[in-house]
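Working notes, beginning with the structure itself.
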Amino acid sequence: MIISKRKYYCNFLLAMMIIGVLIFLSAPIANRYLFHISIINVICRYAIIAELAIIITVIIIKLVLNKGIKNYISKQRVRESIESNLISVGAYSKPDNKAFVELPGIRIKNGVIRISLKNLRIRTIIERYLDSFSTALPERYIVEDYYISQNNAEVIIIYEDMKNYVPEKYSITEYISKIKVQDRLSFYFDKKHIVNVNDYPHFLISGASGSGKSYLANEIVIQAIVKEWQVVILDLKRSYGLYKAYTDYHYEIDDILEKLQSVESEMSERLEELQPELDKNPRALAVDIGYKPMLVIIEEYISLQSSLDKKKKEELERIVKNISVLARQSNIHLMIVMQSAGTENIQATTRSNLTKVLLGNAQSNIMTATFGTGVDIPNVHSKMNKGEGLIQLDRITMLRVPEIDDIENFNDVIS
């Protein structure tokens, strides 16, 4: 069994303390029957007091430095998991004739783990297995981000204890006030995920019924309205009636397909007008020449597909694919909402151009179907509440959609 130097000496000191206590307790008993030297009893008495004082002092210092016993235990669990991960990938050195291995320095503070990369060989190993840290922590701890510092001196892992999470809760007034100060081309998914559509232009929201898909989509619609986007809602369920006065809202099958054809035509018109600017600056956007950004929500995409005949279904898939590939610079942005995001339900090219969100509890096969193979999925063991799930940006991280207590008052507040 491989053991770290820290754990080895912790075990050694614990064993010494236990042995010391046993000696100081048993010595007076032996002295009573064998030696009859009174000073031995005095020495043992004061030695026990001194040892207990040292133990209590160390415990108090540890608890003060870690702000309580819960934080101390939490840090120790995290540290042991990181050490175990480092040992499993071989990121250690083995001193000659020693019963332990030496690991790189580990510091843990305020939800951030820092692993030193001073040793070049160990650094090379850690860089090779860096993605393993996405699942390196025990239950209830979620790795939010991990990367190598700019000076290449340490690995930085940002994590969260799910038991300490405080949900974001707003009134509709507070939520709108918060959104108004955000960048016009960004969507607020939660406090850790403010997503700019220049980087992630289209979205795919999936999850079982009741997982919070439509709730998240409602919040994105509110944001787009507040930021004065054009909002097109294509909704067989007819569940977005709250926003009819501020959106281009369609729920009949033929109207939905006709509107998508209209959106595709507008995309082409925008790109044609934008072309002179693109010739001068390849990063030019439709908003730079006066167009409003447009959000197109397609609710219950699978139901929409199944409601169409073969020819119309093929036309739907062609338009959605075309928009997903070409629409970013025209500032037309898709958000597709569906229960299952597997490749059997959405065309592969379209799917590859969408930023994926999976809400609710899901089995590993559903996660693989959503995010694909060869990606690191956070090790989430606890039950997800409504609006909780995973989002795939540069990597897959935990998402928690804010709660709006009185979303039904939207029209009163926005008017």
Side-chain angles (χ1 to χ4, degrees), residues 166-205 212-235 237-251 259-260 262-263 266-267 270 285-299 323 327-337 354-355 357 359 386-389 391 393 399-415:
V166 179
E168 289 184 83
K169 291 186 179 181
Y170 304 100
S171 67
I172 188 64
T173 303
E174 293 169 336
Y175 188 72
I176 289 174
S177 297
K178 186 177 186 66
I179 296 311
K180 283 182 177 179
V181 300
Q182 302 288 333
D183 182 88
R184 192 186 186 197
L185 294 180
S186 293
F187 285 128
Y188 186 93
F189 281 76
D190 67 14
K191 60 186 176 183
K192 295 182 179 179
H193 301 93
I194 301 173
V195 183
N196 191 290
V197 293
N198 285 334
D199 302 317
Y200 305 95
H202 311 295
F203 303 95
L204 172 60
I205 301 174
K213 302 187 303 296
S214 296
Y215 195 84
L216 172 58
N218 270 259
E219 293 189 1
I220 300 301
V221 168
I222 289 172
Q223 292 182 49
I225 293 171
V226 169
K227 294 176 181 181
E228 298 183 344
W229 285 40
Q230 290 178 248
V231 181
V232 176
I233 298 178
L234 310 175
D235 174 29
K237 287 169 52 179
R238 308 186 184 203
S239 56
Y240 291 80
L242 189 62
Y243 315 108
K244 274 187 177 180
Y246 309 95
T247 64
D248 190 358
Y249 188 30
H250 302 270
Y251 47 77
K259 185 61 191 180
L260 277 172
S262 171
V263 169
E266 180 167 346
M267 176 188 73
R270 290 187 179 199
L285 299 169
V287 293
D288 299 330
I289 60 172
Y291 281 102
K292 286 185 176 183
M294 178 188 292
L295 175 66
V296 181
I297 300 273
I298 306 178
E299 177 69 54
I323 293 173
R328 184 185 70 84
Q329 288 184 293
S330 67
N331 285 119
I332 295 175
H333 305 282
L334 279 174
M335 179 170 284
I336 297 175
V337 184
L354 305 176
T355 294
V357 176
L359 294 175
K386 183 176 181 179
E388 294 183 339
I391 183 170
L393 300 175
L399 172 69
R400 296 182 177 93
V401 180
E403 296 179 29
I404 302 177
D405 294 332
D406 54 345
I407 197 170
E408 67 277 1
N409 295 330
F410 169 76
N411 282 293
D412 296 333
V413 174
I414 200 72
S415 59

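Not measured: the values here are computed from a predicted model.
With sequence neighbours excluded, no residue satisfies ring-ring contact (aromatic ring centres under 6.0 Å, His included) with Y188.
Side-chain atoms of D406 come within 3.5 Å of backbone N or O of I172 as a donor-acceptor pair. Side chain of N411 to main chain of L242: a donor-acceptor pair is present (N/O by atom type, distance under 3.5 Å, no hydrogens or angles). Looking at K227, its side chain does come within 3.5 Å of a backbone N or O of S186 through a donor-acceptor pair. Checked by atom type and distance alone, the side chain of Y215 never pairs as donor or acceptor with a backbone atom of E403 at under 3.5 Å.
Two residues are said to be in side-chain contact when any heavy atoms from C-beta on lie closer than 4.5 Å; I404 and F410 fail this criterion. Two residues are said to be in side-chain contact when any heavy atoms from C-beta on lie closer than 4.5 Å; K292 and N331 fail this criterion. Residues V195 and F203 have side chains in contact (heavy-atom distance under 4.5 Å, counting atoms from C-beta outward). Looking at E219 and Y175, their side chains come closer than 4.5 Å, going by heavy atoms from C-beta outward. With a 4.5 Å cut-off on side-chain heavy atoms, D199 and L393 do not count as touching. Contact of the R400 side chain with the P167 side chain is not registered, since no non-hydrogen atoms from C-beta on lie closer than 4.5 Å. Taking 4.5 Å as the limit, some side-chain heavy atom of N198 sits within range of a side-chain heavy atom of L185.
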Trace of the side-chain contact (heavy atoms from CB on, under 4.5 Å) decision for F189 with V357: CA-CA 10 Å; F189 281 76; V357 176; 4.3 Å; yes

Using side-chain contact (heavy atoms from CB on, under 4.5 Å), reason through Q230 and D248 one step at a time and then give a plain yes or no. CA-CA 8 Å; Q230 290 178 248; D248 190 358; over 6 Å; no

Stepwise side-chain contact (heavy atoms from CB on, under 4.5 Å) check, Y170 with I176: CA-CA 9 Å; Y170 304 100; I176 289 174; over 6 Å; no

side-chain contact (heavy atoms from CB on, under 4.5 Å) for V296 and I323? Distances and angles first, verdict last. CA-CA 10 Å; V296 181; I323 293 173; 6.0 Å; no

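Below 30°, between 30° and 60°, or above 60°: for Y240 and Y243 the angle between ring planes is between 30° and 60°, a tilted geometry. The aromatic rings of H333 and W229 are tilted relative to each other, their planes meeting at an angle between 30° and 60°.
Taking CD1 of I297 as the reference point, atom CD1 of I336 lies at 10.0 Å (rounded to 0.5 Å). Residue I391 holds its CD1 atom at 8.5 Å from CD1 of I205, rounded to the nearest 0.5 Å. Atoms CG and CG, from L359 and L216 in turn, are 6.0 Å apart once rounded to the nearest 0.5 Å. For the atom pair R270 CZ and I332 CD1, the distance stands at 4.5 Å (nearest 0.5 Å). Here Y249 contributes atom OH and K244 contributes atom NZ; the two are 6.0 Å apart, rounded to the nearest 0.5 Å. To the nearest 0.5 Å, atom CD of residue E299 and atom CG of residue L234 are 10.5 Å apart.
Residue pairs meeting the salt bridge (charged side-chain N to carboxylate O under 4.0 Å, His left out) criterion with at least one partner in residues 173-190, sequence neighbours excluded, do not occur; the list is empty.
Residue K192 places its NZ atom among more than 12 non-hydrogen atoms of other residues, nucleotides or ligands, all under 6.0 Å distant.
P201 approaches R328 most closely through the heavy-atom pair CB-CG, 3.7 Å. The two atoms that bring A286 and S330 nearest to each other are CB-O, 3.3 Å, heavy atoms only.
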